[in-house]
Amino acid sequence: MMLLATALTALAFAALPAMASAGTPQIHCPGTSGTHCEFSGTTSSKVELTKTSTSLAVHCSQTTVSGTITTSEGTVRFQFHNCTDNLFGLPCTTSGQSSGTITTTLLPYDNIYTTDNNTSPGVLVTPATGSSHFASFTCANGANVVSGNGVIGSLSSPACGAESASLTLGFTASSKGHQTHKQITNTGTIYDLTSEGLTASQVGSGTVTIVGGGNFSVTCV
């Protein structure tokens with residue numbers, strides 16, 4: 001929902017590893033040698049996972065995000081809380097978690113631009129190498145698996161050339177089951193989530209801070 005879609009906040013922030021160099025946004029933090037730090041955050045905003053060709057959806061009211069960040073890439077894990085299906089209002093839960101909690105696997109991300117103007121930083125969150133898995137959970141309708149080749153979010157703060165103690169990432173949809181951003185700079189590979197054979201989208205936003213304190217800064221190159 002990612003993951004469940006959302007929240008994803010969680011966020012995350014970036015482009016394909018092969019692209020994480022010149023021509024991609026850089027996110028700096030006061031970590032080891034200025035290249036690495038850990039982040040975390042909890043956001044109370046609605047997260048929603050929808051799918052095409054069905055009215056079924058999953059809603060969560062809170063997201064916890066944790067991960068690591070370097071200048072151009074990192075890893076992130078999302079936990080969505082108070083998750084229920086929209087049909088029965090019953091909890092959706094990942095095995096081993098408390099009722100109503102959905103958790104993703106540890107997911108890599110890369111910095112990217114969502115448009116071709118080099119002023120719209122975002123992140124491409126992908127499944128672990130060799131996998132297509134984002135999250136698994138059970139609702140009243142049975143087992144659900146969210147998979148795919150990636151999901152793209154937009155970085156709204158800090159802006160290019162600015163710095164802030166927090167970083168905000170959002171995932172939006174153009175319509176049910178379809179993310180707003182599906183390509184890096186609107187070209188090339190199309191990235192999608194799927195669930196039970198249907199295209200899926202995650203909607204949500206989240207804010208994270210650096211573990212131990214400090215500011216994020218964003219450079220658009």
Side-chain angles (χ1 to χ4, degrees), residues 1-3 5-29 31-41 63 65-78 104-135 146-161 163 166-172 179-194 201-202 204-208 210 216-221:
M1 287 190 74
M2 50 199 10
L3 298 138
T6 159
L8 320 133
T9 250
L11 313 207
F13 331 175
L16 291 173
M19 300 183 63
S21 56
T24 61
Q26 299 175 357
I27 301 174
H28 307 279
C29 59
T32 305
S33 300
T35 61
H36 169 272
C37 61
E38 297 181 359
F39 61 83
S40 64
T63 303
V65 186
S66 61
T68 61
I69 181 173
T70 68
T71 301
S72 59
E73 61 188 9
T75 59
V76 63
R77 189 189 304 273
F78 297 93
T104 69
T105 52
L106 186 64
L107 303 166
Y109 69 82
D110 296 275
N111 298 340
I112 63 163
Y113 289 111
T114 58
T115 65
D116 60 4
N117 58 12
N118 282 25
T119 59
S120 53
V123 302
L124 168 63
V125 183
T126 55
T129 301
S131 172
S132 62
H133 183 266
F134 278 83
V146 177
S147 57
N149 62 343
V151 60
I152 293 175
S154 297
L155 181 65
S156 59
S157 175
C160 294
E163 67 175 64
S166 61
L167 185 144
T168 301
L169 183 72
F171 296 87
T172 60
Q179 300 290 153
T180 300
H181 301 291
K182 289 191 172 188
Q183 296 172 293
I184 299 171
T185 65
N186 292 322
T187 61
T189 301
I190 294 176
Y191 294 94
D192 261 327
L193 295 173
T194 61
S201 63
Q202 91 182 14
S205 64
T207 299
V208 298
I210 298 169
F216 296 101
S217 61
V218 177
T219 302
C220 295
V221 296

Heavy-atom pair with the smallest gap, counting every atom of Ile112 and Pro25: O-CG, 3.1 Å
Residues which pass side-chain contact (heavy atoms from CB on, under 4.5 Å) with Thr194, listed by chain and number, not counting sequence neighbours: Ser147
Separation of Ile210 CD1 from Cys29 SG (nearest 0.5 Å): 5.0 Å
Contacts of Thr180 that satisfy side chain to side chain donor-acceptor pair (under 3.5 Å) - sequence neighbours left out: Thr172
side-chain contact (heavy atoms from CB on, under 4.5 Å) involving Thr75 - partner list, sequence neighbours excluded: Thr68, Leu106
Exam field: side chain Asn186 to backbone Thr115, donor-acceptor pair closer than 3.5 Å: no
Contact summary for Phe134 and Leu107, nearest pair of heavy atoms: CD2-CD1, 3.7 Å
Distance, nearest 0.5 Å, that separates CD of Glu73 from OG1 of Thr24: 9.5 Å
Flag, side chain of Arg77 to backbone of Gly67, donor-acceptor distance under 3.5 Å: no
N/O donor-acceptor pair under 3.5 Å between Gln183 side chain and Gly188 backbone: yes
Donor-acceptor under 3.5 Å (Asp192 side chain, Asn149 main chain): no
Heavy-atom closest pair, residues Ala135 and Thr104: CB-CA, 4.1 Å
Non-hydrogen atoms of Gly150 and Pro127 that approach each other most closely: N-CD, 4.3 Å
Rounded distance (nearest 0.5 Å) linking atom NE2 of His28 with atom CZ of Phe216: 12.5 Å
Passing candidate, side-chain contact (heavy atoms from CB on, under 4.5 Å) with Thr168, options Ser154, Ser156, Pro158: Ser156
Option among Leu124, Leu169, Ile69, Thr126 that satisfies the side-chain contact (heavy atoms from CB on, under 4.5 Å) test with Tyr109: Ile69
Glu163: side-chain contact (heavy atoms from CB on, under 4.5 Å) partners, not counting sequence neighbours: Asn215, Ser217
Derivation of the side chain to side chain contact (heavy atoms under 4.5 Å, CB included) call for Leu167 and Leu155: CA-CA 8 Å; Leu167 185 144; Leu155 181 65; 3.3 Å; yes
Atom pair NE2/OG1 of His133 and Thr105 - distance to nearest 0.5 Å: 6.0 Å
Distance (rounded to the nearest 0.5 Å) between Ser205 OG and Phe171 CZ: 10.0 Å
Counterpart residues, side-chain contact (heavy atoms from CB on, under 4.5 Å), relative to Thr119 (two or more places apart): Asn117
OH-OG1 distance between Tyr113 and Thr185, expressed to the nearest 0.5 angstrom: 11.0 Å
For Ile152 against Lys182, the heavy-atom pair lying closest together: CD1-C, 3.8 Å
Non-neighbouring partners of Glu38 that pass side chain to side chain donor-acceptor pair (under 3.5 Å), sequence neighbours left out: none
